[in-house]
Every structure is written in structure tokens, then in C-alpha cells.
Number of protein chains: 2
Amino acid sequence: MKLKEFAKQLGLSPTTVSRALSGYPEVSEVTRARVVQEAVRLGYRPNVNAVRLKTGRVGAIGVVMGRAGEFHFAEFMAGMAERLITEDTDILVIPMANPEYDAEMQLYRRLAESQRVDAIIVHSPRPNDQRIALLHELGMPFLVHGRSDIDVPHPWLDIDNEGAVRRATSHLIDLGHTRIAMINGREGATYALHRDIGYRSALQSHGIEVDPQLIANGNFTDELGFRFARSFLEQPKRPTAFVAGSMMTALGIYRAARSLGLQIGSDVSVIAHDDVFPYLTADNMVPSLSATRSSMRAAGTRCADLVLQLLAGRSPTEIHELWPVELILRESTGPVRTPRT
Amino acid sequence: MKLKEFAKQLGLSPTTVSRALSGYPEVSEVTRARVVQEAVRLGYRPNVNAVRLKTGRVGAIGVVMGRAGEFHFAEFMAGMAERLITEDTDILVIPMANPEYDAEMQLYRRLAESQRVDAIIVHSPRPNDQRIALLHELGMPFLVHGRSDIDVPHPWLDIDNEGAVRRATSHLIDLGHTRIAMINGREGATYALHRDIGYRSALQSHGIEVDPQLIANGNFTDELGFRFARSFLEQPKRPTAFVAGSMMTALGIYRAARSLGLQIGSDVSVIAHDDVFPYLTADNMVPSLSATRSSMRAAGTRCADLVLQLLAGRSPTEIHELWPVELILRESTGPVRTPRT
DNA sequence: GATGAAATTGAAATCGATTTGAGAAAATAT
DNA sequence: ATATTTTCTCAAATCGATTTCAATTTCATC
């Protein structure tokens, strides 16, 4: 059913029908009511592509998905979805072929120029992230989930990674720990940098020297958590505590400790970052995991919200949200016990 | 840069340019080469929405995401993305507001009629799934990831859930287990039904009676795995083995067993289904987890592929792929040991 | 060199909506 | 009763491509 046809059936012009449906004020309430009602009855829906062509609005927000298929991603998207359900906006997932720099920039350029999305959400930004410069230059609305140092104004939503890790580390120090290992995310992303800063600053402000031997970077997997933790714990002067970047990493650390006959919570303390997953909770681990917590899902919801505001005309320069992170202490942290060397 | 403009710069008509770029044979190779080259140089890209309006093709595949935000989802999508990278097709994620039946049907109807996607992938179908009937009736191309009994021809890709669970269960029986618990997925989906059938048929063919007290259904979470396992293990005649639906469930079972001082692999055997996640592997669990394995990511890739074939004209009725599932035995399964009651 | 076939090219119609600018009808003011 | 404003409606232009159909050019053949 096309507009023309539909209008004819109603004995109205396409103009009036279009206006009635899009809520323009020039059409009388009586007419509008009739049009809306008949549209439902006859099943008329404007052709999306025609609308898009004409208005230049697409009704979609783009999210680029790396190949890694990280498990946070689904939660973030579920959060976005929660907010977008009521809007007439969908989420376009754009696969990223290879994480090479040029290809990535190319992808964002194409995406911005292709007019397939109204806005883009940029994930895991780097300190000097050229994607941001590019999108800014192209005039494509975007929101950064995370932050960047880059000298270009950009709207962002981020959690206080630095503060969270500083508090976590400080807490461990307060418990008497001095050899504290840090298993961070992949090098390069700002969030990993911020966590690193938080970690170092906590140590330094307590006069503890940073030992590079106790710092590792890598994907958030159980596997790497295990490997790093294991190699750290096998050092002659092994760490008595861990700060870790994710729940999966924590699982790996637990495993490593157990494999060496070490008790989590007494021999080894662990604090990890918890993005809050419905299927795996810190509370349920044994022993329950002390964690810095911030809901990935809530972030998704809020990001979607902010993007909508952006599209509605809110100034990008005023959108900066830094979310505090809770530190929740459970059984995986305890006072230091001198390791049996 | 618009087609008209671009064509003028080249001294050609829009027609020729369009043909050159879309690879029609009527244009000379010399001209085509020039057009393509100049398009790159001047940065001309056809407006997606105009193309879509004109051709009726959207260049997007729709996937409906339930609110649960299951962790499989990201893997499946990553797999799809892998295949779609080379095509000019994206993934449209449509959030599902509430899982109520009417709303769900409404959503699919709207989606099919809105012409925002070229095809839809239906997940976790039910035995008598009206979404399938609806999409078929509306003539919207779709692929079912999973299967349905419904009396409507539909293209599908599924893994052999029944066979996998039958083998897993049979193996446990061969090891001497007779009290085998089953923690299945949520009731209603065909895959859960198939697994149930596989479980029961294995028991029955060995002359073991099915005990409803040992069967549970629910989401794939660590939490539920723990709760069900715990309650089963506290029964007077506790099970000596578990068949579980997911890695998260398995984590919960491990935890429950440990909390009761039971050894996985000797006191209690476990086989779970592994969708193959990069961040959590069965091999790395302690003890390593025996699993029925099938890659969710590979399924996503293949589903994307099949949808493309569908859109290219392949007959839906001939697309039926049943993937075998590997059974990989590791340390979590062992011969039965009479429980100390 | 003329002829017909094959290879190229282009003008104009089309996809299905929105929106501008103008006209008719109704309401209000003089 | 007429003039003026306000409210409602519509014809036609437009968004930016694709594609049909017709025209032109090139080429091979006689």
C-alpha cells in the first residue's frame, strides 16, 4: 500500500495524509484522527527507504563490532536496545574486518559517508584516537563510550576507571599488601591507560615502588588470567594480591591460585572489575569476588539516550558523563599474610 | 557529491556511470575503468538510501534480540559479521520489548512490513512457532537458527541437540551412572525439547527410568546452575552425573559440588554444552570440562552465508542443515562411584 | 562503400515518500 | 456584507539513485 493509493482511498491528498501521520499542526484534529485510524485499519506504513531518502534521516545508530566478539558487547547492546525500543531507531552492527589502522579509518569514513546511520558510537577509544578526529571533521554525530585525549571536542560517557582502580589498589595496600599484581586490558585503549594510572598512583602515594614484573596486558579471557597469574605467582617474590580487568580474568586468577594450592582471600587477594553480567555474578564466585562494579548495560542505555539527545539537537560539547564506580568488598580480599617462600 | 554532478565531471551521463559502477556489461571496459578510478579519486559513493528506494533492496539482515542479552548472541553476531564483511550488508539488531506473545508477533510483523531488512534470522524457535508462519505468509525471506515442527516450509540451520545429548548421556551411562541429572535451557524452545528427548531416549534405551526430580529448566546462568545442582545434590538419592546446557551452568555445578565437598570427575561427573567462547574454554576449567561442542560463531557465519544465498535466489525449501556436535571427553567425567549416603 | 549487427551511450520515467508555495474554505473582524 | 485572518488542503517539486527504451557509434562483412 503506497501513500498515493492510501490517500486516494481516503479522498485526501498525499500531502495531507503525510502531515497527519507525522504530526504536523496544519492538519485538523478530525482529519488526523481519521487518517491514523484508517492507516492502522488498511495497514499503511510509509516506505522506510523513501522517507530516509527524502528526509536524510535513517533511524539507526551504528556500532562497530571488532572481530573479537567481546562478551561486554552483548550487554551494552542489550542496554541500548532497552532505550531504543520506544523510539523508532535501530542498531546497526558494522563488522570490522581487520583491526589494522588504515582499514579501520577507512571503515569509519565509509560508514560516515554512506548515510546508513544517523550517528555512531565509538568504543574503546585510544588516547589519540583518529576516528574521533575523522568523525568530527566529517560532521557525523557520534558519541564516545570511553574517553580520548585528542584535541577535538567530543561527547563521551565513561566510567571512572582511574578512580576505581586507585581505590581498589589502595584498599589492598591498606590491608597490608605491597606486592600487588595488575592484569589490565589490552594496551592502547584509554581505559587500560586510566586503570594503569590509577594503579600506579595508588602505589606511589603509599610509597610503594611499581614493579613492571607484576603488570600484564591482554584480552579479557580466562586463559590469559590464568597464564599471567600463574607466572606471577611462580616468581620468587610472588604477589599477594591482584587487581584484574574483568570477571573472566578473575576466573583465571582463581584457577591459577588454586592450582598452586593458594587460598583466595587469605594467601592471595583479588579485586576485579565487574561489568555486571546476568549470567555470571561476582557474588556467586567461591569465594565471592571483591569487585569494582559498573553496569555495562546501564551504560548502553544511557549512551543510546545521549545519542538521541544529540540527534535532537543537543550540543555535543556539553555531553561529558563520568560515572563513579562502586567498590564492593567480598571474600576474595583479606589482610596480607606473609607468603611462605 | 551526487551522481549527476559526478557524471557531468566525467562528461558522461548518469546512466553510464551507474552502469559502470554496478558492473553492468553494457559499458566498455575502458569507460568503466575510468569511472571507477575517478569515483575513488573524487570520493563519489552512491547514496545508500536512494539505491535502496530504487532497487527495493536494503542491504541489511535483521536479528531480533531478546532482553536477556544472552552471551551466545555476541558470538553468533561476530560470526555473521565475519561473513558479511565482504558483502555490502549489515546487521540490524532489533530489540524486543517484552517477551509476550502478542507483542512479539507484532514486532515481527512490523519488521517484515517496514522494509528495513532484506531478511530475518529467527532464533530459538519453538516447536510450533507462529513467527515462522507469519514470515512465510508475508513472503519475507528468513532463516531459522534452530528448528520448528510447524507445518510451514522453512529454511533452517540447527545443531544436532538430540544426538549430542543422547551421546553425552549414553556415555555417562556407560561409565556406570544411573542417576543422571539434566539441567536444560528454558522450556519452550525446540532445542531444549530436543535435548530433553536425547536425554530421555538414552536413559530409556538403557532401561533406566526417568526421574522428574532430576530435571530442571532455566536460563543459562551460573546462578541457576548452582541452585539446581545444589538442590539435586542434597537429595537423599543424589545424582552422580550431570548433563548441562551451557558453560555457565557448568560453572554453577562445579561450584555446587565443591561447596558440598564433592569432587568433580569422581564423585560427580559433568558434561555440558560448549558453544565455544574465546573468553572461557572448557579445556581450562578445573577439572577440564567434558563437553558437547559446536561453535556458535561458525553457526553465525554459515547463517549469514545461507541468508545471502536465499537473497540471491536459492530456494528456501532446500536449505536444511543439521550440524553434528562433537563430544569431547575431558576430566570432568569418570566412572561412577557409589555415593556415600 | 553500403549494410546490418553488436556494442555503447543517454533521455526520461521511476521508486515512494516529504515539503514548499499557493489556493480554497471557514472563522473572525470591520 | 465585505475585508481580513486563520485554518485546512493540494499540486508539483524534490530527494539521488536505477533502469527501460531508444539512439548513436563502432565494427565486421559483403
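Proteins get letters first, then strands, A, B, ... in listed order; numbering begins at 1 in each.
A heavy-atom distance below 4.5 Å is not found between the side chains of B/L53 and B/N49.
Between A/E5 and A/K8 there is no salt bridge, since none of the side-chain N atoms of the basic residue sits less than 4.0 Å from a carboxylate O of the acidic one. Ion pair B/R32/B/E29 flagged as a salt bridge, since at least one NZ, NE, NH1 or NH2 atom sits closer than 4.0 Å to an Asp/Glu carboxylate oxygen.
Ring pair B/H320/B/W156 is tilted by interplanar angle, where 30° to 60° counts as tilted. Ring planes of B/H123 and B/H145: perpendicular class, angle over 60° (limits at 30 and 60°).
The residue A/R45 sits close only to the backbone: its heavy atoms come under 4.0 Å of sugar-phosphate atoms, none of a base. Counting any heavy atom pair closer than 4.0 Å across all strands shown, A/Y44 reaches sugar-phosphate atoms only and no base atom.
Here the rule is salt bridge (charged side-chain N to carboxylate O under 4.0 Å, His left out) with A/E104, and of A/R131, A/R110, A/R109 only A/R131 fits it. The side chain to side chain contact (heavy atoms under 4.5 Å, CB included) test with B/T89 is passed by exactly one of B/V58, B/V307, B/V117, B/I61: B/I61. With A/R297 as the partner, the side chain to side chain contact (heavy atoms under 4.5 Å, CB included) test is satisfied by one option alone out of A/M80, A/M77, A/E75: A/E75.
Between B/L53 and B/P14, the residue anchored closer to the 5' end of DNA chain C is B/P14, taking for each the nucleotide with the nearest heavy atom. Comparing B/T15 and B/T55 by the nucleotide of DNA chain C that holds the closest heavy atom to each, the one mapping nearer the 5' end is B/T15.
Counting to the nearest Å, the P atom of D/dT9 and the CG atom of A/L3 are 15 Å from each other. When rounded to the nearest whole Å, the span between CG of B/L12 and P of D/dT25 equals 15 Å.
Within residues 16-30 of chain B, the residues approaching DNA chain C are B/T16, B/R19, B/E26, B/V27, B/S28, by heavy-atom distance under 4.0 Å.
On the nucleic acid side, DNA chain C has its first and last nucleotide under 4.0 Å of a heavy atom of chain A at C/dG16 to C/dG21, going 5' to 3'.
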